[in-house]
Amino acid sequence: MNSKRFSPTSSTIKSRFTRRFLRALLKIYRQRTRTPSSPMEICQRYLKVKLAADVSMASAVGSRRAWSRAMLAKIRHGVRAGSTSSLTMRKRKIYHEKKSTKEVGIVGNAKMLRKLVPGGEAMDTCSLLDETFHYIKCLSTQVKVMTRIADQICST
C-alpha cells in the first residue's frame, strides 16, 4: 500500500481532532472561575478535558467506525466515558478477571479487548481486531496532539 495514499486520511482525522479539541479547551478555559481552584474544581476540569478529548476524537472519526459510534452514543446518553470512578472500576474488574480466568489464547484476549474498545461487546473477532487497531491509532494521535499543545503552552 502506498504510504502517501494512506497518510492523508490520518492527517485529516488529526486536523479535525485538533480543531475540535482546541475549541473545546477554549470553552473550558472561558468557564473557569477567577478564584484559586479547589481540588474538586481541578478534578472537574480534568474530567471536562478528558470528555472533550474523547468527544473530539470520536467526532473527528465520525460514524465510519463502531468504536466512535459507541463512544458518542455513551456520551449522548449521559454515561461519562472515562470518568474516574468508572475507569478505576473497569481497571480493577479487568485485573481481577485476568487473574481468575483460565482462558488463554485468542478467546481470552478477545474478551479483554471487547471490554476495552468502545462498542467491542457486539463485534466478532475479526471486526474487533480491526476496530482495536484503529482505536489505538486514534489514541496515539490524541496523545501526540495533546503533548504538542502542552509543549506549546509550557514554552510560552
Could you check whether any side-chain heavy atom of [X] comes within less than 4.5 Å of a side-chain heavy atom of [Y], counting everything from C-beta outward?
X: Gln142; Y: Thr147; value: no
X: Arg114; Y: Thr125; value: yes
X: Asp151; Y: Arg148; value: no
X: Arg19; Y: Ser15; value: yes
X: Met71; Y: Val55; value: no
X: Arg30; Y: Leu26; value: yes
X: Ile42; Y: Tyr46; value: no
X: Leu51; Y: Lys48; value: no

Step-by-step side-chain contact (heavy atoms from CB on, under 4.5 Å) determination, Cys138 to Phe17: CA-CA 10 Å; Cys138 287; Phe17 166 71; over 6 Å; no

Working to the nearest 0.5 angstrom, can you tell me the gap between [X] [atom1] and [Y] [atom2]?
X: Arg16; Y: Ser56; atom1: CZ; atom2: OG; value: 12.0 Å
X: Thr132; Y: Leu116; atom1: OG1; atom2: CG; value: 8.5 Å
X: Leu72; Y: Trp67; atom1: CG; atom2: CH2; value: 8.0 Å
X: Ile149; Y: Leu22; atom1: CD1; atom2: CG; value: 4.0 Å

Report yes or no: does [X] contribute a side-chain atom to a donor-acceptor pair with the main-chain N or O of [Y] at less than 3.5 Å?
X: Glu131; Y: Arg65; result: no
X: Thr141; Y: Lys137; result: yes
X: Thr18; Y: Lys14; result: yes
X: Ser127; Y: Met123; result: no

Shared hydrophobic cluster for Val143 and Val117 (ILVMFWY, side-chain gaps under 4.5 Å): no

Following the transitive rule for hydrophobic clusters with a side-chain heavy-atom cut-off under 4.5 Å over Ile, Leu, Val, Met, Phe, Trp and Tyr, establish whether Ile136 and Val145 coincide in one cluster. no

Considering non-hydrogen atoms only, spot the tightest contact between Ala58 and Ser68 and give its length. O-CB, 3.6 Å

Do you know which two heavy atoms are closest between Ala70 and Pro118, and how far apart they sit? CB-C, 3.7 Å

Please evaluate residues Met146 and Phe21 with respect to the criterion side-chain contact (heavy atoms from CB on, under 4.5 Å), reporting the C-alpha separation (whole Å), side-chain torsions for both, the decisive distance (0.1 Å), and the verdict. CA-CA 9 Å; Met146 292 172 86; Phe21 186 58; 3.7 Å; yes

List in chain and number order the residues that pass salt bridge (Lys or Arg N to Asp or Glu O under 4.0 Å) with Arg20, two or more places apart in sequence or in another chain; answer none if no residue qualifies. none

Test log, rule side-chain contact (heavy atoms from CB on, under 4.5 Å), inputs Asp124 and Leu128: CA-CA 6 Å; Asp124 63 283; Leu128 178 65; over 6 Å; no

Residues two or more places apart in sequence or in another chain: which of them pass side chain to side chain donor-acceptor pair (under 3.5 Å) with Arg69? none

Can you check side-chain contact (heavy atoms from CB on, under 4.5 Å) on Leu25 and Tyr29, steps first, answer last? CA-CA 6 Å; Leu25 285 178; Tyr29 178 76; over 6 Å; no

